[in-house]
Amino acid sequence: MLEIRDLSCLRGDRLLFADLDLSVLPGERVRLLGPNGVGKTTLLRCLCGLIDPEEGEIHWNGHSIRSEREDFHRQLLYIGHSTALNDLLTPLENLRFTCRAGTDQVEEQACVEALERIGLGAQIDLPCRALSQGQRRRVGLARLFLGGERRLWILDEPFNALDVAAVADLASSLDAHCAAGGIVVLTTHQDVSFSHPGRVVDLAGHAC
Amino acid sequence: MLEIRDLSCLRGDRLLFADLDLSVLPGERVRLLGPNGVGKTTLLRCLCGLIDPEEGEIHWNGHSIRSEREDFHRQLLYIGHSTALNDLLTPLENLRFTCRAGTDQVEEQACVEALERIGLGAQIDLPCRALSQGQRRRVGLARLFLGGERRLWILDEPFNALDVAAVADLASSLDAHCAAGGIVVLTTHQDVSFSHPGRVVDLAGHAC
Amino acid sequence: MLGPFIAVLRRDLLLAWRGRADVLVTIGFFVVVACLFPFGVGAEPNQLREIAPGILWVDALLATLLSLHRLFAQDHADGSLEQLLLSPEPTVLWVSAKVLAYWLTTSLPLVIAAPGLGLLFDMEQGSLKVLCLSLLLGTPMLSLLGAVGAALTLGLRGGGMLLALLVLPLFVPVLIFGAGAVDAYLGGSGSDAHLLLLAGGSLAALVLAPWACAAALRIAAE
Amino acid sequence: MLGPFIAVLRRDLLLAWRGRADVLVTIGFFVVVACLFPFGVGAEPNQLREIAPGILWVDALLATLLSLHRLFAQDHADGSLEQLLLSPEPTVLWVSAKVLAYWLTTSLPLVIAAPGLGLLFDMEQGSLKVLCLSLLLGTPMLSLLGAVGAALTLGLRGGGMLLALLVLPLFVPVLIFGAGAVDAYLGGSGSDAHLLLLAGGSLAALVLAPWACAAALRIAAE
Amino acid sequence: MTRSRFNIFRFAVPQNFYPLAGKLAPIFAVTAAVLFLAGLWISFFIAPTDAQQGEVYRVIFIHVPAAWMSMFIYLVMAFWSAVGLVFNTRLSAMMAHALAPTGAMFCFVALWTGALWGRPTWGAYWVWDARLTSQLLLLFLYFGYIALINAIDDPRRADKAGAILALVGAINVPIIYFSVKWWNTLHQGASVSLTKAPSMATTMLMGMLVMAFAAWAYTIAVTLWRVRSLILERERNAEWVNEELDRLEAAA
Amino acid sequence: MNWGSAEAFWNMGGAATFVWGSYAVTLIVIVVELILLFQRRKNTVSRLLRLRRGRSARRQPANVSESP
Ligand code: HEM
Ligand SMILES: Nc1ncnc2c1ncn2[C@@H]1O[C@H](COP(=O)(O)OP(=O)(O)OP(=O)(O)O)[C@@H](O)[C@H]1O
Ligand SMILES: Nc1ncnc2c1ncn2[C@@H]1O[C@H](COP(=O)(O)OP(=O)(O)OP(=O)(O)O)[C@@H](O)[C@H]1O
Ligand SMILES: [Mg+2]
Ligand SMILES: [Mg+2]
């Protein structure tokens, strides 16, 4: 369970939002809404512990994510704006590295299957530099199939640059994760059809 | 009028598409369609003259874009995946530079108005590094309001990262440009409602 | 016609101004490297005085080298280069503007800082003057040749090092005539010939290098 | 526990292998810069032999410097750094792996190339051996201190130069003891003390630097 | 997908050059081998012992041809690059590309043999003499060219970038050569200048010439073979390459 | 004939290291170049064959794969 208490975030000299309270139960999908620049990315990075909030606390299963960092990060899967791909490595090598660096024990075979499943079977040996925008995003998203026991997924505009088929596929993966008791927090400006509506948090309401 | 004759494009080892023929008349909007990695971006960059095609010719108003490069580029406005923003400069400085470097004579005031119109009034003095993803894209798109007499707009996924209001705004700008006799060639995976449907070219049909 | 030239020059100078610290850092690097040599080589004043022109020239060359790969890298990464290549005016124009701005913001400060360093090495006034003059006349050639190298290695792996490997052999004549000018002055044969050669080289590079650079940039953007 | 350590080490070595040309290019840079000095300083064999250890040490230092800013830059730009910071294991672990991979792929080749260059400067066997040993013991300290600098300047403008300015003063002691070792050997007082100091410095850096580096990276990612 | 491009020279078209190169290369290879053996025979069994230097001088039979070849190959590379850039013929850039490794090889051999020769004659493996130094710089130019080409993975881009670099380098080669020469005479140091044998015995000259011709034939053979691989890579989407691959597949 | 014996030949008047060092390294370098040359040829051909096989395999299902 993810709890946000009284959160406010500052960027430069601008207070983006203040007094944000939110608690997300297992199985819930939360979509952050708001116009460009309202602070969605900032909030997500706060939730991951990459940015220190100006005020307020974030708790995971009752513990502050600061004090229990390692436990929290063992449960967290974050996919941000940037794809975290090294241009010289192939999709397979990149995926394997991301998993291992996050201490997920994955087999080579599982990585290959994840990449094939996400439609990169033909590009498995190409350096990532050669991939198209959408293909790069797919490599990052392949991680979702391999982070099985991670409960909390935080996704920043995951549908960007994906084609229609991939969007539908990803949406159903998110649904499946929630159905299995996971939590998904995401932002997107696109209207995507999920199997059930999920919760929507409008950040514009908290903006300063 | 834009004419593509018998075009084929090679990336690395892979022939992306071959024997593509297309002619676009003034006032038309063409949307390239196709799954991720089919070669939309490559085609658009070919059309701009940034990539040499493997075979085939591209003509603008009856002249090859190779031989009449300068005339063609005076008519062309290309907005690609990358935003062409320098992180240290403010949106205003970036916009002014892009216009001047493209030999558009624009007033400072016009730039300010374009930025305000696109919703960046508050960020006009912030270095671009501090902007959010959507705000960065908006700075790039502000150029569209200032390239008045450029007939051919080539836009690569312009709706990426934009919020709902900005998407609608941009769509109506594109409509207006076509109504004034301009040409728009764009790709996008999002379904955007335009005032009239426009032409759709499915690149998957030409893929090799 | 001059639109892109002026736009690029203005922007690059503005960027240098925005990051004024960088200019100071370049000078800082120049000074610190020069100060390393006494540590490495030993502090005997006569020996130091003798090798000072050579060291300062090598130092200037290294400072140029270290900053060269920034010349187009940023524009390439953020897509500005693409936009510039789509400008209707000839590419050589704005390439020249970029190199000019680069020279003004990195080489010129070195020329200005050199006399101070010369004093550290106890060089005498006359040879110091010749040294500065040789730097002033020689560094444009370094910038221009370096720009070609920077354009050729744009976006490649191992960028900075590869660039160094490409351009250092080309820099050797500049180094020889530059450091040689001081020796010739001290030897009594006068440094005019050397300085003229440096100036001539810079002029020739000014005429030829922007073309090579423009061609290389077109290739890099593909 | 060692998962991220091994993953990062493997990947960075793989990357070096993928761009194996880079390693050669590093050596190429090392050689080319060493060859510049005779042009600047003059070709007198005795003088060259005398300043050779200093030159090679300064050269090694510059080669380190030029490649340092690549240490975290790529990972920062493409977002891998963020992902690594979200790894459950302590940050120092994988930071050490990165520095180790860096040392193996850039400093070790220099140590191996140094004897060849020593011959170019006509150094004699004994002092050449001392020089190589001093490089072997001293370069880990350069890499570790440099990594802290690289982490501190990550994502700042004027990165490479600023980094140079930050770490060069820290490198000076290494340079003094490194080049001093050869002098001590030639002076007959034996080079053991110098070499021991270098080894001690490297060990101390090995213990402390990764912590500083990890803290700096956390700040840079904010 | 055959290309119909107008060309003055029939063999400037890769498709026509490829089989021609395949036929010529073995002829030159055999010539090279024969000349090389003859040269070895002359250098060890016919050429007499040198009065001043003793037997060491026998290094000359590879040193000098290698030095000549290394300089000549760079010129040829620059020539092909210029042709490629001016007339936009793809084959020219490939030729330049194919020549580079061999040029670097000869350059290295000249340096290596020179260094080994220098030790007994001058007492040092290396002195900063003008001729030696410019040879070293030439090696760096070769390395730069090869490193650049290897760092680019798009072959067409690699060819074009390489051509630009080769040309810029070639304009600089004479400048480097003369500046280095001048530099060395300016600092009249303790360095020894190359001691030229007073009047070369005719057998010696003959041995050198035979070896030089062997090096020529070798270079041509190797370059033709290399350019065949390059042509296949660059033209892989052409119909004739497809047919050639059919043939190769059947042969394998 | 210059050499009285095979031993004298290999000794090269005391300059064996230098003369044979030169000839041997030259030979090695040439052999290495030739090996690399033919390896390259082999790699190129096998790579092109592999690519061609891949392409003809992909051509059939290409349009069915994942178009919307
Ligand atoms: C690393 C050391 C050396 C290098 C790089 C080197 C380089 C060269 C080069 C580039 C040439 C051709 C120059 C021309 O034709 O104008 C050459 C020719 C020659 N070298 Fe060397 N050399 C080296 C050492 C030596 C030594 C030690 C000797 C003998 C003492 C020697 C004797 C000769 C002779 C006799 C020629 C032919 C001269 C002529 O045809 O004009 N070289 N060397
Ligand atoms: N130094 C600063 N000074 C003032 N404002 C800043 C500074 N740095 C960042 N900001 C503002 O903080 C906001 C950051 O927003 P963030 O990236 O979280 O937006 P977002 O909701 O993710 O938007 P998008 O939908 O475009 O991705 C932006 O509005 C930006 O202008
Ligand atoms: N060196 C290479 N070898 C093989 N394939 C390559 C190489 N370089 C690029 N490609 C392929 O070329 C295609 C480039 O596609 P492009 O970027 O034009 O796609 P796109 O249609 O814009 O896709 P998206 O919708 O994801 O933006 C990709 O499928 C990529 O895998
Ligand atoms: Mg965002
Ligand atoms: Mg695309």
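The chains referred to below are lettered A, B, ... by the order of the sequence lines, with proteins before strands, and numbering in each begins at 1. Any value given below was found using the heavy atoms of this structure, including those in side chains, with hydrogens, waters and symmetry copies removed.
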Seminar exercise, completed: Between the CD1 atom in E:Ile175 and the CG atom in C:Leu197, the distance rounded to the nearest 0.5 Å is 9.5 Å
Exercise. In terms of heavy-atom pairs under 4.5 Å, which option from E:Leu137, E:Leu148, E:Leu138 contacts chain C the most?
Worked result: E:Leu148
Problem set entry | Heavy-atom proximity to chain E below 4.5 Å, by part of C:Leu145 | side chain
Problem set entry | C:Phe72 atom CZ, over 12 foreign heavy atoms within 6.0 Å | yes
Problem set entry | C:Leu152 CG to E:Arg157 CZ distance, which is reported to the nearest 0.5 Å | 8.5 Å
For this session: Write down the atom of E:Gly169, the atom of C:Leu170, and the distance for their closest heavy-atom approach.
Result: CA-CD2, 4.2 Å
Exercise. C:Ala204 versus chain E, heavy atoms under 4.5 Å apart: side chain, backbone, both or neither?
Worked result: neither
For this session: Flag the pair E:Val168 / C:Leu166 as yes when at least one side-chain heavy-atom distance between them is below 4.5 Å, and no otherwise.
Result: no
Problem set entry | Winner by heavy-atom pair count (cut-off under 4.5 Å) against chain C, out of E:Ile164, E:Leu167, E:Ile171, E:Asp154 | E:Ile164
Problem set entry | Minimum heavy-atom distance between E:Ala147 and C:Leu162, given as atom pair plus value | CB-CD1, 3.5 Å
